[in-house]
Trainee: 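Quick one: structure below, then a few questions.
Here is how names work: the chains are called A, B, and so on, in the same order as the sequence lines, proteins then strands, and each is numbered from 1.
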Amino acid sequence: MKILIVDDSSTMRRIIGNVVGQLGVSKEDFDEAEDGVVAWKLLQENKYDVILTDWNMPNMNGLELVKHIRGEGSAHRGTPTVMITTEGGKSEVITALKAGVNNYIVKPFNAQTLKEKLDPFFR
Amino acid sequence: MSMTQEEIEALMNDTAIEDKVEPADDNIDDILAGIDGIVDDEPSSDEEINIDDMLAGIDGIVESEEESTSDDMDDILAGIDGIVDDGSSEDQVDDMDDILAGIDGVTDSEPKKEIKKESPPADTLEDKIDQGIFPLPSSNEHKIVNQLNQVAEDSEEKASQIFDVLSFILDENEKVESALNKNSKFIESQVELLTKLATKFPNIQLLQDNLNEANELKNTCSNTRNVVAEENNKIFEAMEIMQYHDINRQKIERVMSVIKKLTTYLNGIFEDDSKKPEVQIAKHISGDSHNTVENEDLDDLIAEFGK
């Protein structure tokens with residue numbers, strides 16, 4: 001199980017990585033990216049089982065990244081993608097779901113919530 | 001629009017000049033310079049003295065340098081019947097009390113403490129900033145967006161360091177748990193062995209004692225493992241709470257964005273694209289609260305110069 005964590009906050013990346021670690025994923029099995037551009041570059045070079053991305057990031061935000069991932073010709077169109085963001089508005093959730101995210105988590109979240117949302121992808 | 005340091009210093013210099021008590025004849029020079037037809041022929045020192053006398057005679061012009069002194073108080077007291085101050089002896093203090101007792105409204109009480117007048121505002125830059133006369137200089141330390149950005153970056157760095165500490169504790173706890181498990185397995189095997197021996201040799205008290213001690217150790221290991229697990233849960237809770245660092249950072253970034261947009265808007269609304277040179281502005285206009293001359297004063301001043 002290989003996971004890509006995309007967030008401009010290093011603290012958030014570590015928090016998510018910690019929870020993912022509790023689900024049995026070792027540190028070697030997840031990569032981190034601080035924005036959409038770095039994430040997209042990693043996606044060109046690696047294959048991931050799950051992508052966890054923030055929305056608001058510099059250079060390329062999470063929504064644009066999801067659109068790239070779900071875009072035509074992308075090798076990751078089928079990769080489960082979860083948006084983890086502070087954007088808690090209904091319209092934002094709808095926008096993200098329309099863009100192609102598989103699940104949506106609003107910060108702050110607890111470890112249990114993240115585990116429950118990720119559990120289907122770990123089976 | 002924020003002011004540059006140079007603009008603030010220029011503003012300070014102007015104000016400092018205005019704050020100074022200028023000689024009256026300098027003001028006259030300024031006023032007369034503004035009146036057509038009056039030529040400054042450098043009046044002699046005698047004329048300056050006359051001007052001072054004249055100004056002293058004009059109502060409303062008060063020399064601020066004069067302050068009430070103890071001499072004034074002596075004059076007032078001298079005006080009261082029966083008070084004679086020859087300044088000769090202290091015995092007269094008693095007489096003074098008698099006299100004062102006879103004056104209506106004067107009561108026998110402790111002398112009132114003199115009410116200290118508020119000291120005039122100081123002229124330092126810090127004082128003027130404190131009084132709201134000047135804004136803080138627009139240095140990097142006072143630029144709001146810069147400061148907010150720095151707060152966001154610093155707190156990100158510190159949050160990462162806090163996370164390092166929490167991760168270190170988690171890693172150490174993992175080692176403790178591993179050691180506890182190893183010890184527990186050994187103790188459990190000892191309990192099993194001692195239980196068998198104590199059953200087989202019930203008369204040997206030492207075996208029973210060791211079995212009891214091994215059971216205690218087993219319980220201690222179990223309790224310690226629970227403590228470590230609880231500690232880990234608390235660390236995970238702390239890590240979850242650290243999400244608020246990211247949330248707060250985003251709130252700060254939202255404020256920064258509002259300020260940036262507001263700056264752009266204000267720059268746009270105050271922008272002067274007429275390309276006209278800056279007009280010369282009047283320093284003192286009729287109706288201003290200070291430094292304007294009344295018509296009568298103006299006539300007197302003109303008359304003083306024989307014009």
Trainee: So which part of Asp164(B) gets closer than 4.5 Å to some heavy atom of chain A, the side chain, the backbone, both or neither?
Mentor: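 Both the backbone and the side chain of Asp164(B) come within 4.5 Å of chain A.
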Trainee: Specify which of Ile15(A), Asp54(A), Asn110(A), Asp8(A) makes the most heavy-atom pairs with chain B at under 4.5 Å.
Mentor: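 Option with the top pair count is Ile15(A).
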Trainee: Taking only residues at least two apart or on different chains, which pairs with a member in residues 183-197 of chain B satisfy side-chain hydrogen bond (donor to acceptor under 3.5 Å, both in side chains)?
Mentor: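 Found Ser184(B)-Arg225(B).
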Trainee: With a 4.5 angstrom heavy-atom cut-off, which part of Asn18(A) approaches chain B: side chain, backbone, both or neither?
Mentor: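 Only the side chain of Asn18(A) comes within 4.5 Å of chain B.
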Trainee: To the closest 0.5 Å, what do you measure between CD (Glu92(A)) and CG (Leu63(A))?
Mentor: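 Interatomic distance, Glu92(A) CD to Leu63(A) CG, rounded to 0.5 Å: 10.0 Å.
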Trainee: Side-chain donor-acceptor pair under 3.5 Å between Asp246(B) and Gln250(B), yes or no?
Mentor: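 Yes, Gln250(B) and Asp246(B) have a side-chain donor paired with an acceptor closer than 3.5 Å.
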Trainee: Decide whether Ser9(A) and Asp7(A) meet the rule of one side-chain donor and one side-chain acceptor closer than 3.5 Å.
Mentor: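 Judged by distance alone, the side chains do not pair up.
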Trainee: Non-hydrogen atoms of chain A under 4.5 Å away: do they reach the side chain of Leu170(B), the backbone, both or neither?
Mentor: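 Side chain only.
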Trainee: Would you say the side-chain atoms of Thr81(A) and Arg70(A) include a donor-acceptor pair closer than 3.5 Å?
Mentor: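 Their side chains do contain a donor-acceptor pair, which is all the 3.5 Å distance test asks for.
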Trainee: Need one label for Phe163(B): side chain, backbone, both or neither, based on atoms under 4.5 Å from any heavy atom in chain A.
Mentor: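 For Phe163(B), the contact with chain A is made by backbone and side chain together.
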